[in-house]
Amino acid sequence: MGRDVVKPKGARGTRDFLPDQMIRRQMVINTIKTVFETYGYEPLETPAIENLEVLTGKYGDDEKLIYKIMRRGLDANNLPPLHEMADLALRYDLTVPLCRVVAMYQHQLQLPFKRYQIQPVWRAERPQKGRYREFYQCDADAVGTASMLADAETLTLIHDVFRTLGFKQFRIRLNNRKILTGIAEYAGVDATKAMDVCIAIDKLDKIGMDGVIGELQKRGIAPTAINKIMPILEINGTNDQILNDVATLLENTPTGSQGVAETQELINYLQALGIPEANCGIDLYMARGLTYYTGPIYETIVEEPNIGSLAGGGRYDKLIGMFLGQDIPATGMALGIERIIDVMTELEMLPPAKTTVQVIVLPFNAEVQLEALHLIQELRTAGLNSEYYYNLNDKMGKKFKYAGNKGIPVGVVIGPDEIQQGTVGIKNLQTKQQETVSRTKMIAVIKNMLDRD
RNA sequence: GAGGGUGUAGCUCAGCUGGUUAGAGCGCUUGACUGUGGAUCAAGAGGUCGGGAGUUCAAAUCUCCUCUCCCUCCCCA
């Protein structure tokens, strides 16, 4: 009747998660949480909004992707300059909030502080497959130690998470910012151009050797430097072999040598921790987010669906110093659960659970209402997730159809006949087989039926 | 931020170079079937053709703007 309605529309780049999706998300998140806690990480949450100044100056160019929140009570007729209109912002990642927390509570926290944090973050990007404006990150970080043991533990944690989730084919690519700096130095590239070298060689997988040469030229790297850089990209073999080769090349660059030493130490720990090289190998051209990483860096990829990296991280020894004026070393990683779920869905690694309801009670008619209500409370007391069918006057066919469409595994039927005989009908809604059992055996029969699946 | 594609019923889509009441399959509702579902048959409901403006006697169809989703680049999870 011409009522004005608002068009239901989600904000761009955001999603709603209906129950069948939430069930799978929660399975993945719970698995991740469990593994995090197994490694001794403790939970932390921080607010969605931060003071804008906490976030600025941490992300380089990406800063323009931060969602800013306007000051309250602005006078539309007398607006301040644009850069003064916002004072708050939605968090962009979980690492910077962690650094803020460490800086604020350093005397309350026992260092090293190992925390995990699973919360949404926001980025004002153009949405694409596997890329959203609101998405969850699962971070695990260790703050307060410069030891490569912490990095080794982080990598082991990543390995364990993917294994536990059921991934067979995945690879953690490992590198070190100091090695990258060393490569630039060794090639005679000016320190101000080192970043350009990283960005260019990081594209190797996408554009190939010739592409990288072109990219380096485009970025104004001298031909002599390019001639020294390219052979490094061809180094391959086992982790030890790669390290040996690059160690000789970089032996005269202090930073590079330090990076090699760090990586060697890390590799030794990983061997002792039982991480196979097939799942964790050195890629000298992998560069990643160059803003705040200072040591080991890594990302996790799967070959099958091409969706970008599923996890990334590294050491950032200078970031907390931006809040304290004094550095506290830190290292950690972020899992992208959205992408992990996308990949697991594509590879059919997640069970097709549609509902968390295990049993539905289908009373035959209104006559048995009270007895049926007794019955459902019995089920609930026994710990079974139980739904009650409200519209008693519906035909039995409709009731069963509802239960089947919802994916509920077991239906319990109770009518006048059953009450008279002290029984219930228990139907396996998948096989459509129904049996009549006495009320006293009901719980046991249902639990048995659920266990079989 | 740059470039390209897309948008028709709840879902997947058809609709030729603009021409009467916009279609199909699946799904949904009801009935054949007053103690049992995903089968068959019959009937039925459901669309501002993403939104807005324009061209035209006439627009789902052509033009412009805008939004959505998707794909490259960039960057990331």
Side-chain angles (χ1 to χ4, degrees), chain A residues 2 4-15 32 59-65 92-95 118-139 158 198-200 202-203 206-207 211 215 286-291 293 297-302 306-314 333-343 360 362-368 389 392-408 411-420 423-436:
Chain A
D4 281 337
V5 294
V6 177
K7 186 164 263 182
K9 225 176 205 180
R12 181 178 200 188
T14 66
R15 294 152 303 157
I32 291 170
Y59 304 111
D61 284 346
D62 291 345
E63 199 162 299
K64 57 177 189 263
L65 303 178
Y92 182 83
D93 68 5
L94 302 178
T95 308
I118 302 176
Q119 288 191 275
V121 302
W122 293 268
R123 296 184 184 179
E125 280 190 290
R126 167 167 291 187
Q128 252 183 66
K129 189 180 185 68
R131 166 185 266 182
Y132 308 97
R133 284 182 158 176
E134 178 186 76
F135 62 96
Y136 274 71
Q137 284 193 329
C138 306
D139 278 35
I158 294 174
C198 290
I199 293 171
D202 189 47
K203 295 183 180 179
K206 266 190 180 169
I207 61 181
E215 188 75 26
M286 198 273 293
R288 280 193 60 75
L290 295 148
T291 38
Y293 290 120
I297 49 177
Y298 31 83
E299 68 178 28
T300 307
I301 52 165
V302 288
N306 182 19
I307 198 170
S309 68
L310 300 183
M333 60 90 184
L335 298 173
I337 58 163
E338 325 285 350
R339 287 184 181 178
I340 290 174
I341 290 169
D342 284 353
V343 170
I360 184 162
L362 306 172
F364 177 65
N365 59 20
E367 207 181 301
V368 299
Y389 195 96
L392 299 183
N393 292 328
D394 286 348
K395 294 191 305 185
M396 285 311 282
K398 190 170 176 184
K399 295 173 185 168
F400 276 107
K401 192 170 184 182
Y402 168 84
N405 285 345
K406 246 189 112 167
I408 300 170
V412 172
V413 183
I414 180 160
D417 298 350
E418 283 82 0
I419 290 179
Q420 201 169 27
T423 61
V424 289
I426 299 179
K427 184 165 183 175
N428 181 328
L429 293 171
Q430 271 164 358
T431 64
K432 298 191 200 176
Q433 283 174 326
Q434 184 168 333
E435 48 190 310
T436 303

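A note on names: the letters A, B, ... follow the listed sequences, proteins ahead of strands, and every chain is numbered from 1.
To the nearest whole angstrom, the two C1' atoms, one in B/G23 and one in B/G46, are 14 Å apart. With both ends at atom C1', the span from B/A9 to B/C49 equals 10 Å, rounded to whole Å. As rounded to the nearest Å, B/C26 and B/C16 have P atoms that lie 24 Å from one another. Look at the P atom in both B/C76 and B/A14: the space between them is 38 Å, to the nearest Å. Taking atom C1' on both nucleotides, B/G7 is separated from B/G47 by 14 Å, rounded to a whole Å. For the P atoms, the distance from B/G15 to B/C71 is 24 Å, rounded to whole Å. Rounded to the nearest Å, the gap between the C1' atom of B/U8 and that of B/C69 is 16 Å. Straight-line distance between the C1' atoms of B/A59 and B/U20: roughly 14 Å, to the nearest whole Å.
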### Task
Test side-chain contact (heavy atoms from CB on, under 4.5 Å) on A/V368 and A/E418 and set out the steps.
CA-CA 10 Å; A/V368 299; A/E418 283 82 0; over 6 Å; no
### Task
Please lay out, stage by stage, how A/E134 and A/R15 fare under the test side-chain contact (heavy atoms from CB on, under 4.5 Å).
CA-CA 8 Å; A/E134 178 186 76; A/R15 294 152 303 157; over 6 Å; no
### Message
Determine whether A/Y389 and A/D394 satisfy the following criterion, side-chain contact (heavy atoms from CB on, under 4.5 Å), listing intermediate values before the conclusion.
### Response
CA-CA 10 Å; A/Y389 195 96; A/D394 286 348; 2.8 Å; yes
### Task
For the pair A/D93 and A/Y59, evaluate side-chain contact (heavy atoms from CB on, under 4.5 Å) and give the outcome as yes or no after the intermediate values.
CA-CA 10 Å; A/D93 68 5; A/Y59 304 111; 2.7 Å; yes
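With A/I340 as the fixed residue, the side-chain contact (heavy atoms from CB on, under 4.5 Å) test singles out one of A/L335, A/T300, A/V302: A/L335.
For A/M396, the listed nucleotide lying nearest its side chain is B/G35; candidates were B/G35, B/A77, B/C69. Out of B/A77, B/U36, B/C28, the shortest distance to the side chain of A/N405 is found at B/C28. Comparing B/A77, B/G37, B/C69 by their closest approach to the side chain of A/L429 singles out B/G37. Side-chain proximity of A/P127 to the nucleotides B/C69, B/G35, B/U36 is greatest for B/C69. Closest to the side chain of A/K427, out of B/A77, B/U36, B/C28, is B/U36. Among the nucleotides B/U36, B/G37, B/A77, the one closest to the side chain of A/V413 is B/U36. The side chain of A/K395 approaches B/C33 more closely than any other nucleotide in the set B/C33, B/A77, B/G37.
Here the C1' atom of nucleotide B/C70 and the CG atom of A/D342 are 14 Å apart, to the nearest Å. Regarding A/L335, its CG atom lies at a distance of 9 Å from the C1' atom of B/A77, rounded to whole Å. Rounded to an integer number of Å, the gap from A/D417 CG to B/U36 P is 12 Å. One interatomic measurement links the two molecules: CG of A/L310 to C1' of B/C76, which rounds to 13 Å at whole-angstrom precision. Summarising the geometry, the separation between NZ on A/K399 and C1' on B/C33 is reported as 15 Å, rounded to the nearest angstrom. Going from atom CD of A/Q433 over to atom P of B/G37 covers 15 Å, rounded to whole Å. As rounded to whole Å, 12 Å separates atom C1' of B/U36 from atom OH of A/Y389. Atom P of nucleotide B/C70 and atom CD of A/E125 are separated by 13 Å, given to the nearest angstrom.
Counting any heavy atom pair closer than 4.0 Å across all strands shown, A/G397 reaches sugar-phosphate atoms only and no base atom. Base engagement by A/E418 is indicated by at least one non-hydrogen atom pair under 4.0 Å involving a base atom. Looking at heavy-atom distances under 4.0 Å, A/K203 makes contact with sugar-phosphate atoms alone, never a base. Among the atoms of the strands shown, none is found under 4.0 Å from any heavy atom of A/G313. Counting non-hydrogen atoms under 4.0 angstrom, A/Y136 reaches nothing in the nucleic acid. Counting any heavy atom pair closer than 4.0 Å across all strands shown, A/A311 reaches sugar-phosphate atoms only and no base atom.
Remark: side-chain polar atoms of A/R133 are not paired, donor with acceptor, to backbone N or O of A/W122 under 3.5 angstrom. In this structure, A/K399 contributes its side chain and A/L392 its backbone to a donor-acceptor pair below 3.5 Å.
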What nitrogen or oxygen pairs link the protein and nucleotides 2-7 of chain B at under 3.5 Å?
unit_1	atom_1	unit_2	atom_2	d
B/A2	N6	A/R126	NH1	3.4
B/G3	O6	A/R126	NH1	3.1

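Phosphate proximity of B/C67 to A/R12: absent, as no side-chain N or O sits under 4.0 Å from OP1 or OP2.
For B/G37, its base never sits under 3.5 Å from the side chain of A/Q430 at any donor and acceptor pair. Taking 3.5 Å as the limit, the base of B/C69 and the side chain of A/R15 contain no donor-acceptor pair of atoms between them.
Closest approach of A/S309 to A/R339, counting heavy atoms only: O-NH1, 3.2 Å. When every heavy atom of A/C138 is checked against every heavy atom of A/I118, the shortest pair comes out as SG-CG2, 3.8 Å.
Residues that satisfy the side chain to side chain contact (heavy atoms under 4.5 Å, CB included) test with A/Q119, not counting sequence neighbours, are A/E45, A/T46, A/R91, A/L94, A/Q117.
Ranked by how close their nearest RNA chain B nucleotide is to the 5' end, A/T431 and A/T14 are led by A/T431.
Put simply, A/F135 rests on the base of B/A77: the two rings are less than 5.5 Å apart at their centres and nearly parallel, under 30°.
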